[in-house]
Q: 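First the structure, then my questions, so here it is.
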Amino acid sequence: MSTHILHRQINHTYPVAVGGKGVYIEDAQGKRYLDASGGAAVSCLGHGHPDIIRAMHEQADKLAYAHTSFFTTEPAEKLADRLVATAPAGISHVYYVSGGSEAIEAALKMARQYHVERGEPQRRHFIARRQSYHGNTLGALSVGGNEWRRQQFAPLLIGAHHIAPCFEYRERRPEETQDAYARRAANELEAKILELGQDSVIAFVAETVVGATAGAVTAAPGYFKRIREICDKYGVLLILDEVMCGMGRTGTLHACEQEGIAPDIMAIAKGLGGGYQPIGAVLLQQNIFDAFKTGSGFFQHGHTYLGHPMACAAALAVQQVIERDKLLDNVKAMGLHLHDRLTERFGNHRHVGDIRGRGLFQAIELVKDRADKSVFDPARKLNVRIKAEAMARGLMVYPMGGTIDGKNGDHVLLAPPFICRKEDIDAIVERLGDAVDAAIKAVA
Ligand code: PLP
């Protein structure tokens, strides 16, 4: 098929998606794909959910758009009330955007302006972690720690500093306890702050659970508590990126609830609108809001589509359905089932080194040899082959290469919709098993 779209991969022919119902997407040939990744951890309610469609219709009938420099709207206000009521302690306000990268850009500027408002304009550094992904716009790419994504744009990026991720499977030493490892990894932040100058750092940015670049990597217990302590000690803001891992994906509305900490600023997106509309948001603490209110009286930022009424109406409906249908309970239950099934299928697989994640956010990491954790030659593109084999079997998963350092390693990320049932999970694992074996056969 000829196309005028600059597609993600120019030499790849994409099936045409024409419909979706529940956990399935259908293409123009009538083939159905079991959506085990929610696209990129987006479609938390699956496809074609009648309540969300109804809410969007109702809003479209009333008002599709009103610019935020003239008006506020009911769906935007109602959604903000809900987001604040369910937010981590101290969060008092919401700043709307249209996606994850925009949320991170806004968070970075918000953090910088906060310090300026408080008379600390010398704070100019961001610290983030290697092997993180925060988006593709220049600010988000700057704090992102994926070498491959950064490389050709490096001359354009703002200076950001990177410490190690908290990645037990790859970085905990054999003799080290979990506690000792968590502390060592977190203490890298303190060392970096001291190296840059104690009062020169704006914020530390981290995904609470690392998503796309390393594959559902949860931090060792205690890591984020120590990070919070260090941030507080030096007046450094903690920005948590929950664009992918947040809004219920790990079994609690916010992933940081399971770490026992609250961030100063949090970015959310994907699961907020579940793909029914493009929407993201930045959640901020009262003291940040107060600094703006008593200072310049505004946040110096803005986009045309902030707080889009259609997007807010869809997101509000998505969040109401998650609560009404007690879907976080299902995320927890199906998450355990997924973990059991993955362990059955891959626990003794000679090329699966790690099965990890939380809730309906899990991954398998592929290795050449389990004993030494060596990886397949990246030139063989194992992750690309797994994706193709899965699609051929009517399964959508989210494989990625460069798990370890942006170049080496392969993993497959799973993020099925919160509405999935045991049968769906069983089908996902069965098809994934076949796809992985077929892909490995081709590269081995
Ligand atoms: N942050 C994280 C953790 C993400 O996973 C993503 C997207 O995958 C982004 C930010 C960027 O979001 P978007 O693609 O909506 O700009």
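Numbering of ligands and ligand atoms starts at 1, following listing order.
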Q: When you look for heavy atoms under 4.0 Å from ligand 1, do you find them on the side chain of Lys270, its backbone, both, or neither?
A: side chain
Q: Quick one: do the Gln300 and Gln113 side chains pair a donor with an acceptor below 3.5 Å?
A: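 Not at all, the side chains of Gln300 and Gln113 share no donor-acceptor pair under 3.5 Å.
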Q: As an exercise, identify every atom of ligand 1 less than 4.0 angstrom from a heavy atom of Asp241.
A: 1 (N), 2 (C), 3 (C), 10 (C)
Q: Ignoring hydrogens and geometry beyond distance, is a side-chain donor-acceptor pair present between His12 and His7 at under 3.5 Å?
A: no
Q: Run the numbers for me: atoms of ligand 1, each under 4.0 Å from some heavy atom of Val243, listed by number.
A: 1 (N), 2 (C), 4 (C), 6 (C), 9 (C), 10 (C), 12 (O)
Q: Can you name the one residue among Lys62, Gln277, Gln59, Glu74 that meets side chain to side chain contact (heavy atoms under 4.5 Å, CB included) with Pro309?
A: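 Output: one option passes, namely Gln59.
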Q: Numbering the atoms of ligand 1 from 1, which are under 4.0 Å from a heavy atom of Glu207?
A: 3 (C)
Q: Side chains of His47 and Asp35 only: does a donor on one sit below 3.5 Å from an acceptor on the other?
A: yes
Q: With a 3.5 Å cut-off and no angle check, do the side chains of Asn136 and Arg149 form a donor-acceptor pair?
A: no
Q: Could you see which bit of His134 sits under 4.0 Å from ligand 1, with heavy atoms only: side chain, backbone, both or neither?
A: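 It is the backbone that touches ligand 1; the side chain stays farther off.
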Q: Which ligand 1 atoms, with their elements, are less than 4.0 angstrom from a heavy-atom of Met244?
A: 5 (O)
Q: How far is atom 16 (O) of ligand 1 from the closest protein heavy atom, and which atom is that?
A: Ser101 OG, 2.5 Å
Q: Evaluating non-hydrogen atoms only, which member of Gly135, Gly100, Ala40 is closest to atom 13 (P) of ligand 1?
A: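 Comparing heavy atoms across Gly135, Gly100, Ala40, the nearest one to atom 13 (P) of ligand 1 lies in Gly100.
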Q: Please determine whether salt bridge (Lys or Arg N to Asp or Glu O under 4.0 Å) holds for the pair Lys373 and Glu365, giving the CA-CA distance in whole Å, both sets of side-chain angles, and the decisive distance to 0.1 Å.
A: CA-CA 10 Å; Lys373 303 183 185 177; Glu365 183 170 336; over 6 Å; no
